[in-house]
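Input: a single structure, listed below in structure tokens.
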Amino acid sequence: MTMRDFLLDDADRAFRCEVRDFLRRELAPRASDIEDQQDWSAVKHVVRSLGEAGYLRLMFPELYRGPLAKPGLTHATVLSEEAAYINYAFETTIATALSCAYPLHRHAGERLRETYLDPILDGTAIGAICVTEPNVGSDSAGMETRIDFDAKTNEWVINGFKRYISNASVADVYIVYGTATDADPAHAGMTAVAVPATAPGVRFPRNYTFMGRRGCIVGEVEFNDCRVPADHLLGERGGGFRIMRGMFNFERAILGGSGLGVARSAFDIATAHAQRRRSFGQMLGCKQLIWEKIAQMSWRIDAAELLTYRATKMYDAGADGKALMKEAAMAKLVATETANFCANETVQILGGDGITKEYGRAEQVYRDARALTIVGGTSEVAKYLIASRDLPDIRINL
């Protein structure tokens with residue numbers, strides 16, 4: 001057995017082959033349109049195809065209809081890895097939709113799940129998560145968005161401004177986190193609600209232009225006295241932090257897969273070039289400084305894979321919340337740092353070809369990789385989560 005997929009069983013490996021073939025048929029022919037034209041219709045086509053094939057239900061065993069005996073986060077992460085290998089911008093879209101589906105599945109009432117969850121899993125709707133604000137990034141405790149309950153109308157009233165929101169303006173439903181205030185302290189605190197794009201008081205001021213992940217729509221969402229029915233609450237009032245922590249465990253494991261896909265893509269470009277380019281009478285890969293780069297990339301990818309699929313296997317075995325926080329953070333940290341390392345070394349190995357769009361995807365992979373150590377919690381926050389588990393007797397001050 002090779003190290004590749006060491007923690008996966010035969011059914012998992014067969015699934016990887018299946019989903020890889022699917023994405024080669026559905027995503028690969030549209031990848032250039034997503035990158036060069038930022039073609040949202042191409043993104044939506046592949047999302048619908050994934051939904052029709054049942055791949056967006058992998059996280060939810062009781063809703064899954066495919067051949068896997070035990071579908072779970074491991075398989076969703078394989079899907080993300082294989083999609084990111086081809087086009088990370090597209091993978092961001094589906095990873096965000098799944099991060100939206102996660103709290104809907106676990107914490108929404110039946111009517112809310114039927115209205116929003118089922119369409120996302122069928123690939124006919126897109127979801128988004130609203131956490132980041134102008135003055136709040138990784139420090140979610142400082143959130144300024146207000147979510148208050150109007151007992152007279154039996155509605156939640158949302159006021160706030162969110163930015164860096166993936167799928168902003170194109171999503172059908174937004175999971176919004178904010179602070180609820182109440183005379184009873186037990187009901188105060190971070191709260192989560194589902195807000196449809198059509199709700200009164202929702203605006204999308206602008207979308208952003210990023211250096212990478214072209215084709216992934218990211219922008220701002222503003223809520224001005226936005227009202228949604230009482231049953232759009234997720235979980236309970238003041239229970240949003242627990243929901244968010246579970247969502248972040250899920251998201252960070254998925255981002256481990258994203259990082260692996262980008263790292264593998266860069267590595268394959270680098271090794272192919274090193275074995276066909278001649279320099280000073282030898283193949284480039286014969287040069288000590290080049291094979292040192294290849295070896296450094298190779299062991300990092302293996303380490304990232306082991307940490308990522310350890311986290312997903314733990315989740316599928318029932319670990320979550322605090323029990324998974326460190327392992328999910330390690331997966332995200334190592335895989336995303338590896339993606340950046342591999343993308344940078346690949347550009348260096350290719351030289352001029354690595355920074356020229358006309359000579360391949362190395363420059364795109366380099367640009368795409370940079371977001372990975374920021375989104376879903378920065379590398380610095382991941383290190384804090386790891387250290388906080390290892391230093392239980394003290395409270396670390398960020």
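Predicted model only: the values in this text are computed from it and were never measured. Heavy atoms only: backbone and side chains are in, while hydrogens, waters and symmetry mates are out.
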Without swapping roles, check the side chain of D39 against the backbone of A42 for a donor-acceptor pair under 3.5 Å.
yes

Counting heavy atoms not belonging to Y208, are there more than 12 under 6.0 Å from its OH?
yes

Do R57 and D122 meet the salt-bridge criterion of a basic N to acidic O distance under 4.0 Å?
yes

Please list, one pair per line, the donor and acceptor atoms closer than 3.5 Å that link side chains of residues 322-330 to other protein atoms, with sequence neighbours excluded.
from	atom 1	to	atom 2	distance (Å)
K326	NZ	D390	OD1	2.7
K326	NZ	D390	OD2	3.4

Taking C-beta and beyond as the side chain, do E81 and Y309 meet within less than 4.5 Å on heavy atoms?
yes

Spacing of CE belonging to M314 relative to CG belonging to L73, to within rounding of 0.5 Å
11.5 Å

Considering residues at least two apart in sequence or located in another chain, which fulfil the ring-ring contact (aromatic ring centres under 6.0 Å, His included) criterion with F250?
Y102

Testing D12, D9, D316 one by one against T74 for a side chain to side chain donor-acceptor pair (under 3.5 Å), which residue passes?
D316

Short side-chain to backbone donor-acceptor contact, R237 and A180, under 3.5 Å:
no

Is the side chain of D368 donor-acceptor paired with the backbone N or O of G212 at a distance under 3.5 Å, no angle test?
no

When you look at Y359 and L350, which way does the side chain to side chain contact (heavy atoms under 4.5 Å, CB included) test go after all the steps?
CA-CA 10 Å; Y359 284 96; L350 267 66; over 6 Å; no

Identify whether I301 and I294 are in the same connected component of the hydrophobic contact network (ILVMFWY, side-chain heavy atoms under 4.5 Å).
yes

Calculate, to the nearest 0.5 Å, the distance between atoms CZ and CG belonging to R227 and D148 respectively.
10.0 Å

Please answer whether the main-chain N or O of F149 pairs with a side-chain N or O of W156 as donor and acceptor at a distance below 3.5 Å.
no

If two hydrophobic side chains count as joined below 4.5 Å and joins carry through other members, does I34 share a cluster with Y366?
no

With a sphere of 6.0 Å drawn around CG of L289, does it hold more than 12 non-hydrogen atoms of other residues, nucleotides or ligands?
no

So for atom CZ, which belongs to R277, do other residues, nucleotides or ligands contribute more than 12 heavy atoms lying within a distance under 6.0 Å?
no

Working to the nearest 0.5 Å, report the span between OG1 of T179 and CG of N159.
12.5 Å

So how far is it from L333 CG to I386 CD1, rounded to the nearest 0.5 Å?
5.0 Å

Would a distance-only check, ignoring hydrogens and angles, find a side-chain to backbone donor-acceptor pair under 3.5 Å from T308 to E305?
no

Sub-3.5 Å donor-acceptor pair from the side chain of K293 to the main-chain atoms of A270, do we have one?
no

Apply side chain to side chain contact (heavy atoms under 4.5 Å, CB included) to the pair E18 and L68, showing each step before the final yes or no.
CA-CA 11 Å; E18 174 192 322; L68 286 169; over 6 Å; no

Heavy-atom neighbours of R370 CZ exceed 12 at 6.0 Å:
no

Assess whether side chain to side chain contact (heavy atoms under 4.5 Å, CB included) is satisfied between R24 and D21, documenting all intermediate values.
CA-CA 5 Å; R24 283 172 176 169; D21 289 343; 3.8 Å; yes

Do the side chains of L58 and I126 join up, straight or via other hydrophobic residues, at under 4.5 Å, putting them in one cluster?
yes

To check you understand the geometry: which heavy-atom pair defines the closest contact between A101 and L121, and what is its length?
CB-CD2, 4.1 Å

More than 12 heavy atoms of other residues, nucleotides or ligands under 6.0 Å from CD of E236: is that the case?
no

Can you tell if the side chain of P196 reaches within under 4.5 Å of the side chain of V228, non-hydrogen atoms only?
yes

Donor-acceptor pair, distance only, cut-off 3.5 Å: does the side chain of D150 make one with the backbone of E155?
no

Is it the case that more than 12 heavy atoms not belonging to Q348 sit under 6.0 Å from its CD atom?
no

Close side-chain approach of N87 to E91, heavy-atom, < 4.5 Å:
no

Can you give me the closest heavy-atom contact between G321 and N249, atom names plus distance?
O-ND2, 2.9 Å

Would you call E26-R48 a salt bridge at under 4.0 Å N-O?
no

Rounded distance (nearest 0.5 Å) linking atom CG of L23 with atom CZ of R30:
11.5 Å

If hydrophobic clusters are built from ILVMFWY residues whose side chains come within less than 4.5 Å, do I147 and M190 share one?
no

About how many Å separate NE2 of H105 and CG of L112, when rounded to the nearest 0.5 Å?
13.0 Å

Heavy-atom closest contact (F90 atom, A83 atom, distance)
CD2-CB, 4.3 Å

Suppose we call two aromatic rings close when their centres sit under 6.0 Å apart. Are Y174 and F223 close by that rule?
no

Whether T338 side chain and A304 backbone form a donor-acceptor pair below 3.5 Å
no

What are the two closest heavy atoms between A128 and T96, and how far apart are they?
CA-CG2, 4.0 Å

If the plane angle is over 60° it's perpendicular, under 30° parallel, otherwise tilted; pick one for F210 and Y164.
tilted

For Q364 and K357, what are the C-alpha separation, side-chain angles and deciding distance, and is it a side-chain hydrogen bond (donor to acceptor under 3.5 Å, both in side chains)?
CA-CA 7 Å; Q364 177 193 339; K357 200 171 186 67; 5.0 Å; no

Here the pair of heavy atoms bringing S258 nearest to A84 is O-CB, 3.5 Å

Within a radius of less than 6.0 Å around CZ of R16, do more than 12 heavy atoms belonging to other residues, nucleotides or ligands occur?
yes

Student check: side-chain heavy atoms of R113 and Y116 closer than 4.5 Å:
no

Show your reasoning for whether side chain to side chain contact (heavy atoms under 4.5 Å, CB included) applies to Y177 and I243.
CA-CA 10 Å; Y177 290 87; I243 296 172; 3.4 Å; yes

Once side-chain contact (heavy atoms from CB on, under 4.5 Å) is applied, do any residues pair with E114, and if so which ones, sequence neighbours excluded?
E110, D118

Test your reading of the model: is there a side-chain donor-acceptor pair from R252 to the backbone of G376, 3.5 Å cut-off?
yes

Does any non-hydrogen side-chain atom of F204 lie less than 4.5 Å from one of V221?
yes

Taking the side chain as every heavy atom from C-beta outward, state whether M247 and R106 have any pair of such atoms under 4.5 Å apart.
no

On a heavy-atom basis, the closest approach of I165 and V131 is CD1-N, 4.0 Å

Does any N or O in the side chain of E144 come within less than 3.5 Å of the main-chain N or O of E133, such that one atom is a donor and the other an acceptor?
no

With side chains defined as the heavy atoms from C-beta onward, is the minimum distance between I120 and V173 less than 4.5 Å?
yes

Is it possible for you to say whether L233 and V202 belong to one hydrophobic cluster, with membership spreading through side-chain heavy-atom contacts below 4.5 Å?
yes

Could you check whether Q296 and E292, counting side-chain N and O atoms only, form a donor-acceptor pair closer than 3.5 Å?
yes

Would you mind reporting whether H232 and P229 have side-chain heavy atoms less than 4.5 Å apart?
yes

